[in-house]
Every structure is written in structure tokens, then in C-alpha cells.
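This structure is in C-alpha cells; I'll ask about it shortly.
Start at 1 and go down the list; that is how both ligands and their atoms are numbered. Numbers here are sequence positions counted from 1.
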Amino acid sequence: MTTTAFWDDLLVGDELAHLATEPAREARTAPLPEQLQPALSEALARRGIEELYAHQAEAYAAARTGGNVIVTTGTASGKTLAFNLPVLDALSADRHARALYLYPTKALSQDQARSLAELGVPGLRAAIYDGDTPTERRRQIRGWANLVLTNPDMLHVGVLPRHDLWGDFLHNLRFVVVDEAHVYRGVFGSHVGNVLRRLRRLARIYGAEPQFLLASATIANPGELARALTGEDATTVEDDAAPRAERTVALWNPPLLDAELGLRASALGEASRLLAALAGRGLRTICFAKSRKSAELIHRFACDRLDSATAARLAPYRAGYTPQQRRELERRLVEGELLGVTSTDALELGIDIGDLDCAISVGFPGTVASLRQQWGRAGRRGHGLAILVASEDALDQYFMREPPALLERRVEAAILDHANPRVLDGHVAAAAFEAPVDETDTATLGPEALERAPHVPELRHTPRGWVWAGKDAPAPRIPLRSTSPDAFLVVDASTGDVLGLAERERAYSTVHEGAVYLHLGRQYVVRELDLHARRALVEPFDGDWYTQAKKETTTAIEEPLRVERRLGLELSFGRVSVTEQVVAYQKKAVADGSTLDTVPLDLPPTTFDTEAVWFVPRPHQLEGLEAMPLLLSSLHAAEHSLIALLPLWAMCDRWDIGGLSTNHHLDTGAPTVFVYDGHAGGVGIAQRGFAQFEGWVADTVRLLEGCPCERGCPSCVQSPKCGNLNEFLDKAGALTLLTRMSNSG
Ligand SMILES: [Zn+2]
Ligand SMILES: [Zn+2]
């Protein structure tokens, strides 16, 4: 049976940028391994599991050899069983054996704990140990459980510094499972890479060498990610053998209203039209939006298009629902009582919401892995439909014109840099607190840890090695989501809740007084930025403008680390220092991006060290562009469009990247373009750009060539975070320069 007829007539018109069909695929299966413990085989049989997908059997076999494994197959391909099988097998065979499961969120730990309980494996004693675990339960769990589910933060501050309480557990630690491993990238990943190294070291001190089993969304570099996170090699299992229903994929581009300005109809409006049409035909549809505000608007617009009986079968789904509310919503969807759900990305991390017919993503969610995860919900019952509705953002528009870049290439890599001193130093201190650090720890902590030890102020060198000479445990002072220990707290003044952290380097541009701040899809406005207390007080905000900071930036080259002749010029990668001063901000209308007001700010400059890739175009590459301000405008436009496309290569957000272009740089004495890591010390983003420079520039040329605007627009050379508020941009000049570079390759 096929449901194609239900949507065929909807997917027509100029808005349809691309239509493709991903064919159905038969499962490739393998028998349950014979060595499996009988108790486990029986438990699986009771759940109706009598055979495996081939990749699950492959992961089991790889784990049996004693090595580390990373499984990187598609959404809903049974990755969980792939890592559960070797673990449960080992726990069944040896009642002393222990396993530790790491999840990035508490909700995911709870889901996993529930499905483990449902398996009903005799002898399995699984328990969650996180910030919500009552103190009186903790001791019992440490002694009783043979499978502990936790998160990196708890491991970092609650388990490792108190390893004396975990001695038995560490001594018997056989497996560490790291699920959703692609989430551990950038700053967070760089920290988690160190937390896992500290875990390996302590396990070794207690006499154990645990195996790491990782699961990740499909990415370009699974083996590299496993190594970066754990410090050890892993076997990659990536040949997906799960069955798949046929899936129609549509790329949907809102109509162009003004080609010269690159102005398009609203993505929210288009999404609500599609949602209403699909739900109106009885198709169960989920729609993902980037913010709660957008999700609410799509929901409201879709209801307006439907009769009241159908409209009553649509609902918004929010982060912050209680588990009961979630279950209730899921039940209504599964039973077909609900037809359409509009959600923010909160649902994205694997939480099961049943089998749906259609998934609509409104705006590219930032990574192909996230998009695939959203789309993966469509068609679990049969032929599914997955749609990306493009925003005006440059990367979205690039995908609309170059569908293979989205659907066929796998270039997006999860990157991190555990050796960034801004990240590493804190963990060297934490490790020394846990046990003296000496040469023998190089094998687990890495050689960089020993090199950094003399630079960490509170460490003393003694005959036993480097020891902690500070007062309190250092771990609680090291936030895992920031590269600076002196980050600003963002506090909701109406409730006193801490919403998040703003790194010092970025606090002035993101949480200055009057800034509109987004958290979990909700809007807040900053009432006060207290520089001494390092605190931003915010309150919920319902206005229809956003803010953009105006800042002055300079860079100084500290040390080139690699210089190569690439694309006809000298391409450098190295350390730079960046100085920024936020001088004003603009209020801009959400509706059309027009400027409502410019407000001056009086803030001190900030300086941070980071990594950058930079280049000095050769004179012949700049021929005809030498006059000012054309030269500056061409370089500036090239910088913006390069930054817009770097997230295609390195899994990161455009906001993680900074740039600077100048017609004359003091250090190079020539026109220069810099693209730098926005996090102090760098987390590998600029390095990835250096490694993939040719492909990156070629993509950027195609972006500029294909954009239908005349003189530059938000879909090509303009940037929502430009510190110069998008002044001095020349699209034609940038295209000329980048084309000449690309042709020299
Ligand atoms: Zn354009
Ligand atoms: Zn700019």
C-alpha cells in the first residue's frame, strides 16, 4: 500500500525546490549470537527479539574482541540494542561486572532506564544516579546497581572527585556507554573528552580497563570522534541493516517576494499551510520550529486554516512538560486522536513520540544529523514524507539550490579539542585532586596534561607527582559548557532560575543591557548586566524585535602553526588574539529585519586567545578590486559567506565562529581575511576549515553564484551577527575573488 496520493498534489509549484524518494530497504538480519548468556536470550525472546540486524551482530562481535566500538547507523535503526547486547551479556555472565551509561540529558537517561527495565533481564540492576537522586538513595545505588545511568556533569562533579565511594564500582567497571556521542562536540565535547580521560585513569588506578561503546548520529568522522572523546581507537560500525520504509523528501522554499533584496515569504506561513493541508487529510504530522514563539505561531496559523473539529486535533509540544504530560500527548498521537504536533527542537534527542506519517522541519536545524533525526520520525508506519522549509539563512538557501550537498554528501564532522588549555587546565587540576598526576598518567590523560601541569597555579610538584594544593575540589568550578571559568550567569529575575552561562568573551555582545536573549526557544530581555558580579538579569519578553550588537574587532597574529600554499595563496592556521568592543546595539523587527532603533553602549573591550585560519589574497586575485572601499567590501562579503558555510563542514553554529577582514592588517601588511573560533582557545572549528579549505571555498563560490539577489542579501553575504551591521559588503567582488582562488586550486 502507498499513501503517495495523499500528498502528491500538495508538492507542486515554484516552492518545491527538490523532490526525491529514498527507496524502501529490506532488513539484513543475523541470528542471535550463540555465545549469548541463556538468561539474556530468553529475555530477548520474551520481547519477541529472535534475531538481530546485521549491524547489531557486528557491534556485538566487535565488542566481544575487547575493543571500543562506535555505532553510527541511522535514526531508529536499533543502536540501543547494539550497545546493550554486549553489556547485558557481560553483566549476566558476571554478577560483579559493572557498566556506566552516559546520557546528555536526564530525560534520555529516564527513557533508557525504562526500556532496560522492560527488557526484564534477570540479574540486571539498573539505576539512575544524577542531580535528582535523593542523598539517602545514593549510597544504596553505588553498592547495589550493576548498571548506572548518569550524565557527564554528574560524572564530573559527583562521581570522579568522590571516587573513594565508587571504588568497588570502578574496580569492576567493564563498559562505559556513551550514547548520542555527536552531541559531545565543540566546547561541551572538549570538556567531556577530558572527563572520560579522567574516568579511564581512575578506573586504571582501581585495576580496570573499561571498554567504551559509543553511539552517534551519522557523521563524517565517527572513528575520529570516538578517539577524540576517549583517547583510544574504536571500531566503527556504520553499515545500517535496519529496514526502512520508502520516504519522500521535499525541499520547500518560500516564494521570493523581492529578488533584488532577496526577500522571501515567511517560512512559518508556508509551514503552517503544509501542516494544515497534511493534518486535514488525516496524516499524522510533526512540525519542528527553532523557537517556541515560531512553534506557537505555526500552530495558530495552521488552526486558522482548518475547521474547528480538525483544529482541535492539533497541539503544540513544549520543553518543560512533565513526564505524565508527555505520555498523554504521545498516547493521543499514537491513537490518532491528535493529528498534528508543533514542537521546538526539544523532541529531537530520541524521545519516542510514536509513528508518524510526515515531519516538517522549519529552517535547517543546524546540523544534518539533527535534520535526519527530525525526519526520522516520518514514515515509521509506512511511506513517509519529510520536508525542509527553508528560512532566508544562507545555508538554508544553499541547500535549496544544491540539494546533493544536503542529501548525498556526508561532510559534516563532529569536532572537539580536549587539549585546548582553557579546557584542559581545569581537568588537570581536577585529576590532581583525584590522585597525584605523574608520567604514568600520560597513557590515559594524554601527554598534553603533563605539559600543562606546571602552568596550573594550584598544583605543586612533589615526589609523588603533581598534587592539588588548593582548598576545595576544583571540579565544581569548571562548567562543562564554557571555556572560561569566569563566565556570566544568566538569571531569570522573575523566578531566580539560572537559565545558562554566557562566556566572558561573548557576554558583552549577547547579554548586554537591552539584548533579547533566547533560551530553549523562549525570549528574554536583559534588564541589567552586572560586570562585577558577572551576572545578567533577564525577564521574559514578548516583543517582536531582536537585537544585534555593533562591535569593533581587531586581531593580532600570535603564532602561525601551519602555513601552506593552497588555492594560489598562502593559507595559515594558528593562534591569534581577538579584541572586541561592543559599542552599540540595534533593535530589529522580527517581521522584516528593519532597524527600529540604535542604542549606544559603554562597555570595556575584551581580549581572548583563539585559533584562526587566515589568508592574504595574491595581487592577481584582487585585480580590479584594489580601490577602496571596494577592496574592503569584497573581503568582508567573502568572510561572511565563508562563515555561513563552515557549519556544513564542521558541526557548529554560525555563532561559534567569528571573522575579521581588513584591507591592511598590521601583522601581514596586506589585505587579509580571518575566520576564527569564537571560543577562547579554539575547539577545532578553524582547524577543520584549514583542512577542508578547497571544498569550503568551492561551496562558497556556489552559494554566491546561485543567490538570485543582485547586490547581496541575508541569504548570501549578509550576516545576522555582523559587528559592522552589514555595512561595506560587495557580493560581486567576493565572488570574483573566491572564484579566482577556487580556479587556482
Ligand atoms: Zn543573495
Ligand atoms: Zn561583518
Side-chain angles (χ1 to χ4, degrees), residues 17 253-265 267 364 390-402 506 509-510 547-555 578-586 588 592-593 595 598 612-615 628-647 653-663 665 671-678 699-739:
N253 205 0
L256 194 59
L257 302 179
D258 184 331
E260 199 166 325
L261 297 175
L263 191 67
R264 290 187 178 272
F364 179 63
S391 75
E392 65 174 11
D393 189 79
L395 196 51
D396 286 44
Q397 290 300 319
Y398 181 69
F399 289 142
M400 292 297 124
R401 294 192 301 271
E402 306 277 340
R506 297 202 283 183
S509 52
T510 55
T547 52
Q548 184 170 1
K550 179 170 165 59
K551 61 189 176 190
E552 284 158 9
T553 305
T554 55
T555 57
V578 176
T579 302
E580 289 179 345
Q581 183 162 25
V582 178
V583 293
Y585 72 95
Q586 285 192 333
K588 303 194 129 191
D592 57 3
T595 303
T598 303
V613 53
W614 66 91
F615 58 89
M628 283 294 283
L630 175 60
L631 174 60
L632 180 61
S633 301
S634 304
L635 297 172
H636 189 200
E639 171 216 317
H640 278 194
S641 46
L642 281 166
I643 290 175
L645 281 196
L646 188 50
D653 199 285
R654 175 181 195 139
W655 301 86
D656 293 325
I657 315 168
L660 176 97
S661 31
T662 168
N663 54 304
H665 192 267
T672 312
V673 174
F674 290 84
V675 174
Y676 56 83
D677 242 291
D699 276 340
T700 311
V701 168
R702 275 194 293 275
L703 164 75
L704 292 177
E705 264 172 359
C707 192
C709 71
E710 295 211 1
R711 302 158 62 83
C713 73
S715 304
C716 56
V717 298
Q718 292 177 13
S719 160
K721 54 165 293 200
C722 176
N724 297 320
L725 307 174
N726 288 311
E727 283 169 20
F728 296 108
L729 290 169
D730 195 290
K731 178 186 173 188
L735 180 57
T736 302
L737 166 63
L738 293 170
T739 305

Cut-off 3.5 Å, no hydrogens considered: what does the side-chain donor-acceptor table look like for residues 700-713, sequence neighbours left out?
unit_1: T700; atom_1: OG1; unit_2: W696; atom_2: O; d: 2.7
unit_1: R702; atom_1: NE; unit_2: Y398; atom_2: OH; d: 3.3
unit_1: R702; atom_1: NH2; unit_2: D699; atom_2: OD1; d: 2.9

Would E392 and R264 pass as an ion pair if we require N to O under 4.0 Å? no
Return the orientation label for the F364 and F399 ring planes: parallel under 30°, perpendicular over 60°, tilted otherwise. perpendicular
Between P254 and A265 the two heavy atoms that sit nearest each other are CB-O, 3.1 Å
From CA spacing to verdict: side chain to side chain contact (heavy atoms under 4.5 Å, CB included), L729, C722: CA-CA 11 Å; L729 290 169; C722 176; 6.0 Å; no
The side chain to side chain contact (heavy atoms under 4.5 Å, CB included) partner of H636 among N724, N663, L660, V673 is N724
With the Zn ion (ligand 1) at the centre, find the angle made by SG from C713 and SG from C716, to 10°. 110°
Listed protein N/O/S atoms, distance to the Zn ion (ligand 2) under 2.8 Å: H636 NE2, H640 NE2, C722 SG
